[in-house]
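Heads up, the thing below is written out as structure tokens.
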Amino acid sequence: MASTDTVSRASRLPASGWLESLLAGLGLRGRTLVIAIPFFWLLLFFFIPFLIVLWVSTSFIVIAQPPYTHACPDGGTFCLNISESYGRLFEDPLYYKAYLNSLLVAAVSTVICLLIGYPMAYGMARCSHSTRNILLMLIILPFWTSFLIRVYAWIGLLKNNGLINSALLAIDDWLTATIGLDLIDGPISMMNTNFAVYVGIVYSYLPFMILPLYANLEKMDISLLEAATDLGCKPLKAFFLITVPLSFPGIVAGSMLVFIPAVGEYVIPELLGGPSSLMIGRVLVNEFFSNRDWPTACAVAVAILLALVVPLMIYQKFQDKELEKEA
Amino acid sequence: MTNRLSWVVIVWMIAVFAFLYAPIVSVVVYSFNDSKLVTVWGGFTPDRWYIALWNDRQIIDAAKLSLLIAAVSSTLATILGIIAGYVLVRFPKFLGRTAFSGMVNAPLVMPEVITGLSMLLLFIMLQPIIGGRGLITVVIAHVTFTLSYIAVVMRSRFLTLDLSLEEAAQDLGAKPLKVFFVITLPIVLPAIVSGWLLGFTISLDDLVITAFTNGPGTTTLPQVVFSKVRLGLDPKINALATIIIGIVSVGVMFAIIHMRSSERRRQMDEQMAIRAIAAQT
């Protein structure tokens, strides 16, 4: 492979030419500058904002612009307020129920994505080369079309007078007319339920599960399975004893790609879910925009991040491992 | 166990593709429905909703704005993403590398509500410097989260890049910066193009982060779509969706055909260059 020693060879290449001499006076080497540009962009616009969230989550709500302050209610100049914003998360069932519900919905959706996606990725990886590329393109294509429009599409399918109910009622009418079997009395309400939220999340995030699984299964050494079969192992047993354990990194990567963003999902529960399908992303947006309670919105954000620290670390570890493996 | 697939797996794959494409097909079909009620078929109309869409100033203006934001932010993000991907592959050790790779990877999965909220708070703090929220803050936000996607694309391209050409150029006396612009960048150009397109699409599609970071007067297309969809189904949205799906399908197919042929050409060029270098030495 061309990249076997990319890293070691790359480190031998000097990093920059005229920039080096230009910046030598400033004590900066070209290499440092190259790293510094994206580094400081991300530091300023991605990392530091989290610290501000943490900072605002410890403030008092005031009617002002911006609507938070660290001034003490009794007139002091500086106080930290943790009890109010964070306390609310524990006391008001609205918050902790939405929080737990989000974790549950994200976890269940991840499992469903895995159950649907695994056989799919497995089948794709076992296809011929040319078929594989076409199937891969078909998986990626919906990802390039608008996410919002794909969620919108489900409204038309799931509504009471939507396509699925129309089809079900037509089948039911036909069954009633022919063999007298009446299964449903009217349309099944699916919109504005938790079911619709699950459908939306599984639908939107399924490609994120399939792609890492496929990348992993595609690289798998088939001869291992052949060896197992030669030694008398049944195909199904070989699948669970060899294929599944070997694809574990793909399972982890796919699961993290689905679980982490799904926890904070806002658009899907907002459009497909009903008032009962409370998810924490929705609570955050409502606190921030409708109630203008910034400290609580920030405390909610910190709480979501706390739940995601471990999954994020697993995901990061996986990304680094992939990089090492390739290099 | 050979390459033969069990029929169970094949049926499963067909079912999954049906699941993935049924909603998209239904949206396209109902954009040609001659009825105000999106889910009731009222006969075929080729253009009723497309004309209505064209006459909807709000949607057209928002679409123009979104295209502008997507083009500008994806271009900036591509520049930063190329550098970030290059740094991740070529500089294996530097102070803060773990933090850097974490900051590149995290925006890919970070729930948008959190990214949006945190950036808004930053922009409010920076208000004395950058002014109120508007086009600039939206672009900064879009650059920040699309740059991660582009960095990942560039990273995997740089990983599989054959170093011998760069080394050859350097041996022949080219300065490192010249090597980068004359040798490295042209080789990875297809990846840059697909990275830019990916960034463009993601920026064009973003709702949540935009909602946090924009000001009055910069209403983007997803925001208009979202507010309309909230009120119920709208055949104009079906027409808009069909246009987007059409452009994307054609674009992706073109990109794949082009990338395949340019990949072949690139390999031939590389071989010829290697032969030429070998002949010189």
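Owing to the predicted nature of the structure, the values given are computational and were not obtained by experimental measurement. Just so we're on the same page: letters track the sequence lines, and every chain starts at 1.
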Can you tell which part of A:M313 gets under 4.5 Å to a heavy atom of chain B, answering side chain, backbone, both or neither?
neither
Beyond-backbone contact of A:L138 with B:Y21, side-chain heavy atoms, under 4.5 angstrom
yes
Flag the one option from A:V285, A:L284, A:I140 with the top tally of heavy-atom pairs under 4.5 Å to chain B.
A:L284
Interatomic spacing from CZ in B:F226 to CG in A:L271 - rounded to 0.5 Å:
4.5 Å
Has A:M137 got more than 12 heavy atoms of other residues, nucleotides or ligands less than 6.0 Å from its CE?
yes
Rounding to 0.5 Å, atoms CH2 (A:W55) and CE (B:M125) come to a distance of 7.5 Å
Of B:S101, B:P222, B:S249, B:A106, the largest count of non-hydrogen pairs under 4.5 angstrom with chain A goes to B:S101
A:F47 CZ to B:T144 OG1 distance, which is reported to the nearest 0.5 Å:
15.0 Å
Given a strict heavy-atom distance threshold of 4.5 Å, which part of A:L312 is in contact with chain B: side chain, backbone, both, or neither?
side chain
Largest heavy-atom contact set with chain B, pairs under 4.5 Å, which of A:I280, A:V300, A:I139, A:L308
A:I139
Is A:F288 close to chain B through its backbone or its side chain, or both, or neither, when contacts mean heavy atoms under 4.5 Å?
side chain
Atom group of A:F208 that falls short of 4.5 Å from chain B, counting heavy atoms:
neither
Are any non-hydrogen side-chain atoms of A:F147 and B:I202 less than 4.5 angstrom apart?
no
Under the criterion side-chain contact (heavy atoms from CB on, under 4.5 Å), I'd like the reasoning laid out for A:L148 against B:V229: C-alpha separation, chi angles, the key distance, then a yes or no.
CA-CA 9 Å; A:L148 199 55; B:V229 169; 5.8 Å; no
Do you know the tightest heavy-atom contact between A:Y315 and B:N105?
OH-O, 3.3 Å
Roughly how far, to the nearest 0.5 Å, is CD1 of A:I52 from CE of B:M119?
11.5 Å
Taking B:I244, B:L198, B:T115 one by one, which has the highest count of heavy-atom pairs under 4.5 Å against chain A?
B:L198
Atom of B:I140, atom of A:W41 and distance for their closest heavy-atom approach
O-CZ2, 4.0 Å
For B:S26 and A:L163, work out which heavy atoms get closest and say how close.
CB-CD1, 3.7 Å
Of the listed residues (B:L120, B:I247, B:V8, B:V208), which shares the most heavy-atom pairs with chain A below a 4.5 Å separation?
B:L120
How close do A:P119 and B:V9 get, counting heavy atoms only, and between which atoms?
O-CG1, 3.8 Å
The interface call for A:E265 against chain B, heavy-atom contacts under 4.5 Å, is neither
What's the spacing between B:T242 OG1 and A:I149 CD1 if we round to 0.5 Å?
8.5 Å
Looking at A:V53, A:D230, A:V258, A:V202, which one has more heavy-atom pairs under 4.5 Å with chain B than the rest?
A:V53
Options B:V27, B:I245, B:L20, ranked by heavy-atom pairs under 4.5 Å with chain A, top entry
B:L20
Can you tell which part of B:F212 gets under 4.5 Å to a heavy atom of chain A, answering side chain, backbone, both or neither?
both
For the student: nearest non-hydrogen atoms of A:W294 and B:I124, plus distance
CH2-CD1, 3.1 Å
Side chain / backbone / both / neither for A:V263 at chain B, heavy atoms under 4.5 Å:
neither
For B:D234, does its backbone N or O pair with a side-chain atom of A:Y152 as donor and acceptor, under 3.5 Å?
yes
Please determine, among A:Y266, A:Y203, A:F45, the option with the most heavy-atom pairs under 4.5 Å with chain B.
A:Y203
Applying a strict 4.5 Å limit to non-hydrogen atoms, the region of A:L206 in contact with chain B is side chain
Most heavy-atom pairs under 4.5 Å with chain A, out of B:V152, B:L197, B:I79, B:T98, belong to B:L197
Mind jotting down which residue pairs meet the side chain to side chain donor-acceptor pair (under 3.5 Å) criterion with at least one end in residues 138-150 of chain A? Sequence neighbours excluded, please.
A:S146-B:D205
Considering only heavy atoms, which portion of B:K178 lies under 4.5 Å from any heavy atom of chain A: side chain, backbone, both, or neither?
neither
How many angstroms lie between CG in A:L305 and CD1 in B:I114, if you round to the nearest 0.5 Å?
4.0 Å
Find out whether A:K159 and B:L233 are in side-chain contact, i.e. whether some heavy atom of one side chain is under 4.5 Å from a heavy atom of the other.
yes
When A:L54, A:V267, A:L135 are compared by non-hydrogen pairs under 4.5 Å with chain B, the top option
A:L135
Could you pull out the closest heavy-atom pair between B:L121 and A:C298, with the gap in Å?
CD1-SG, 3.5 Å
Donor-acceptor pair, B:W12 side chain versus A:I116 backbone, under 3.5 Å?
yes
Contacting moiety of B:L204, where chain A heavy atoms sit under 4.5 Å
neither
Can you find a heavy atom in the side chain of A:M120 that is under 4.5 Å from one in the side chain of B:F19?
no
Test log, rule ring-ring contact (aromatic ring centres under 6.0 Å, His included), inputs B:F145 and A:F46:
CA-CA 8 Å; B:F145 78 96; A:F46 186 71; over 10 Å; no
B:V179 versus chain A, the contacting section by heavy-atom distance below 4.5 Å:
neither
Among B:P107, B:A99, B:G102, B:A15, the residue with the most heavy-atom pairs under 4.5 Å to chain A is B:P107
